[in-house]
2 protein chains.
Amino acid sequence: MGKADIHDVAKAAGVSISTVSRAFTRPELVSAKTRAKVLAVADQLDFNISRSATALKSGRTNRVALLMNESITSWFNTQVFAGLESAMHPAGYDISLFQHIDTAENRRDFFTNLPIRRNVDAVVVASFAIDPHEVEQLRRIHVPIVGINIPSDEGFDASVSIDDEEGMRKATQHLIGLGHHRIVYPCSEAVKNLDASIDARTRGFVRACEEAEDRHDIDWRVLTVPRGPEFVDSALAALLALDEFPDAICCQMDMMAIPLMVKLERYGHRTPRDYSIIGFDDSPYADTLNLTTMRQDPYAMGRKAALKALDLMQGKTLETPHETVEAQLVLRGTDAPYHG
Amino acid sequence: MGKADIHDVAKAAGVSISTVSRAFTRPELVSAKTRAKVLAVADQLDFNISRSATALKSGRTNRVALLMNESITSWFNTQVFAGLESAMHPAGYDISLFQHIDTAENRRDFFTNLPIRRNVDAVVVASFAIDPHEVEQLRRIHVPIVGINIPSDEGFDASVSIDDEEGMRKATQHLIGLGHHRIVYPCSEAVKNLDASIDARTRGFVRACEEAEDRHDIDWRVLTVPRGPEFVDSALAALLALDEFPDAICCQMDMMAIPLMVKLERYGHRTPRDYSIIGFDDSPYADTLNLTTMRQDPYAMGRKAALKALDLMQGKTLETPHETVEAQLVLRGTDAPYHG
DNA sequence: TTGAAAGCGATACCAA
DNA sequence: TTGGTATCGCTTTCAA
C-alpha cells in the first residue's frame, strides 16, 4: 500500500496502463464505464498520476521561477507572490522561489550558476534593478522572462510595471492643489541599483514641485534619512527639528506615513487639522487608519505577469507584452485644504 | 540551442552519459580533469541536470505541500511560508501551496480529490482546525504529515504549536499584576472549527481573570464583535459605549490593538497614561509604534516544521516530534502600573 | 475503444 | 575511473 503504480491499477481494473493513463488525462477517449472502474480502483489503491513522469515525458517542468529582492515577507513581495500563485496554481505550475537576489554575492552566485536552467518553464523577475548583463545570463535558460517593476524592458519577453514617478507626481500635485505651501518629502536612502522605485518616486515629487513653482509659492524639500529600522524616528526627528513645521507631508511609502502620523499626534501635530499627509502603496492599516494614499496593486501585477507567462509558455504572441499601470489616488481622511 | 541534452554534452566532452551524470551529482567519482571538461561543455551548451528525470528515477518528488487557511498574504501565513522556505529551498524542495482550505466546499474538494497524492514527499498543515476525518484522508498520501498550530496531534507525525491559551493568560496576568481593575478583552467572533487559536486565546484571558478574582478586585469582560473589515470600529464603539472606560485592554491580536490605540487617542484616551493595552503576535508596526505585546514567531515555527519534515523524509525518527512553544511577553511602551 | 511499445532524461549496477 | 544498460512512470503513436 502506498506503493501502487500504474501497472497495479491496470491489473486491478483489468485494463492496460494506456487506458489508466487516459482515464486520468484524456477522459474523453475512454468509455464511461471503463473510466469509472479505473478511477474507483485508483482511488482505492491511493494511486494518482505522477507529475514527475508527466513532466519528464512532456518536456515541460511545470515549474516557474520567481526571483526577488529581499524577503518574501515584505508587503509588496507577498502580494506579488499571491497574485502569481493565483494564476499559476490552477494552471498546474509550482513556483520555485529565489529570495534575496540582492547582495552582490547572491547575485553573482545565482546568475552564474543558473540553478534553474532547464528546470523551469518561465522566469518572473519581481521588482529589482536587474542589470543588462544579468538579463543576458537569464536568457540562456531559453524560457520566457517576465518582469514586474523592472527598470528596463530590454531583454524581457513581457513585463508589467507601475509608474512610480508619475504616481508620486500625482500625489504631490494633489497636495499642492489643496493649497499647501510647505511640503516635505521624508525619504529613506535608496540602495544604488536596487531600489529603482524609491528613486523614481523621489523624482516624481521633485518634478511636481518644480513644475508648480511658477504658479505657486511653495517651499518644498526632500528630507533624506538613513536606511534601517530607525528610519521613521529619524524622519520624525528631522521633521520636528524644522524651523517651521510643514503643512503637508508626502511619503515615499505607507510604512513611512503610518507611524509618522501616529507619532506626530503625540507631539501635538494632528492630521488633517494641522497638516496633510499622503502615503504610497495602500498597504495594511492604511484603510483602517484612514490614510490618504496612492494605491498600487502588486497582487494584480503578479497575476498579470503570470497570465503573460502562461500565454508565452503556450507559444502565444502577446498583444501588449509590456504594460504600465498607474497608481491610484485613494482619498481618505488625512488630507484637507490648506487653511493657513 | 537551448535543446542540448545529456547525450549532446557527452558527445561534445568525449565521454559517456554516465560520466556526465556523475560529474554533476557524484563529482568525487570523476577525475578532476574529466569533470572540469564536462562542466565546461555543459555550461557552454546551457545544459543542466533535469529535476524531473532525477525525481522520476529516484522515486521522490522534491516537492512538499503546504496547506493553509485563508490566503498566504496574512502576516502569520507569510511568516510560516518564509520559515518553511528557508529550510526547504536549500534542501532542494519546492513548496506546492494550497491556500483557502477553509470553506466547506474547498475542504471537501481537497480532501477527497487529494491532488497531492503521490506528488509530494511531505505535507505541512498550517494553523487550522483540520478535523480527524480529514487527517485520516491525508494519511492516504503515505508521506510525513507535519502540523503547525493544529488543534490535536492525532494523526500527525510531527507538529509545532504555540500555546495560545497560556500566552494570553500570561498577557492578562501581566495586566492584573500591574494593578488594573477594569479589564476588557475585545474580540472578533471565531468561526467554528476554524479559528482554534482565537478560542484558545479567549480561554486564556478568561482563565487568568477567574484565577485572580479571589485575590484581586477586578471587573473583567469579553467584548465580542462581529467578524469583518469593521471589527476594529465595532470594538471601538463598544469600548466607548461602556459606562466606565477600562484601565486595561487585552487584545486578541495586534491587528486589533494597533488601530485601537491609535483611534482611542483621538477620543482622548491615551496609552499608557490613561490605560494599558497589550497585543498578541508582535506583527508589523508593533515595534515602531511601541506596542507591548505577546510575541509569537511563525517564521521559526515554519522553519522547525520544515526541519522535522526533512528528517522524517530521510526516514529518521524524531526525538521530540511534537513541540509546543510559548509566546513571549515583549514589554514596550503601552503598559504601565495602575494609578487610579 | 483499447493495447503494445518506444521514448522522455537521469541513475546505478555491473563490467571493463 | 569510465561505459553500457536496465529502469523509473507516464504519454502517445500505431495497430487491432
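Below, chains carry the letters A, B, ... as their sequence lines are ordered, and counting in each starts from 1. Keep in mind that this is a model prediction, so the values were computed, not measured.
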Point to revise | Ring centre gap for A/H89 and B/F98 strictly below 6.0 Å | key: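 Yes, ring centres under 6.0 Å apart.
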Check your understanding: DNA chain D: B/V30 or A/R51, which has the more 5' nearest nucleotide?
Key ->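 Its nearest nucleotide lies further toward 5', so the answer is B/V30.
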Practice item. Kindly assign one of parallel, tilted or perpendicular to the pair B/F81 and A/F81, based on the angle between their ring planes and the thresholds 30° and 60°. Key: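 B/F81 vs A/F81 ring planes: tilted.
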Exercise for review: Enter the inter-axis angle for the ends of the helix from C/dT1-D/dA16 to C/dA16-D/dT1 (five pairs per end, rounded to 10°).
Suggested key: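 About 30° separates the two local helix axes.
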Review point. Which part of the nucleic acid, if any, lies within reach of A/I49 when heavy atoms closer than 4.0 Å are counted: base, sugar-phosphate only, or nothing?
Key: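 The residue A/I49 makes sugar-phosphate contact but no base contact.
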Practice item. Report the residues that fulfil side chain to side chain contact (heavy atoms under 4.5 Å, CB included) with A/S31, sequence neighbours left out, ordered by chain and then residue number. Key: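 For A/S31 the side chain to side chain contact (heavy atoms under 4.5 Å, CB included) partners, ignoring immediate neighbours, are A/K33, A/T34.
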When the distance from [atom1] of [X] to [atom2] of [N] is rounded to whole Å, what number comes out?
X	N	atom1	atom2	value
B/K11	D/dG3	NZ	C1'	16 Å
B/H7	D/dG3	NE2	C1'	12 Å
B/K33	D/dT1	NZ	C1'	12 Å

Which protein N or O atoms sit under 3.5 Å from an N or O of nucleotides 4-8 of chain D?
residue	atom	partner	partner atom	Å
D/dG4	N7	B/S18	OG	3.1
D/dG4	O6	B/S18	OG	3.2
D/dT7	O2	B/K57	NZ	2.9

Review point. Looking at B/K308, B/R139, B/K316, which hits salt bridge (charged side-chain N to carboxylate O under 4.0 Å, His left out) with B/D157?
Key: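 Testing each of B/K308, B/R139, B/K316 against B/D157, the sole residue satisfying salt bridge (charged side-chain N to carboxylate O under 4.0 Å, His left out) is B/R139.
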Practice item. Can you tell me which residue pairs pass the ring-ring contact (aromatic ring centres under 6.0 Å, His included) test with a partner in residues 299-324 of chain B, sequence neighbours excluded? Key: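 Sorted pair list comes back empty.
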Practice item. Within residues 89-98 of chain A, find the residues that approach DNA chain D with a heavy atom at under 4.0 Å, and present them sorted by residue number. Key: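 Residues of residues 89-98 of chain A under 4.0 Å from DNA chain D: none.
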Practice item. Begin from the C-alpha positions of B/E85 and A/I72 and carry the test side chain to side chain contact (heavy atoms under 4.5 Å, CB included) through to its verdict. Key: CA-CA 10 Å; B/E85 172 80 10; A/I72 190 184; over 6 Å; no
Review point. Under a criterion of less than 4.0 angstrom to any heavy atom of chain B, what are the 5'-terminal and 3'-terminal contacting nucleotides of DNA chain C?
Key: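 Nucleotide range in contact with chain B: C/dG9 to C/dC13.
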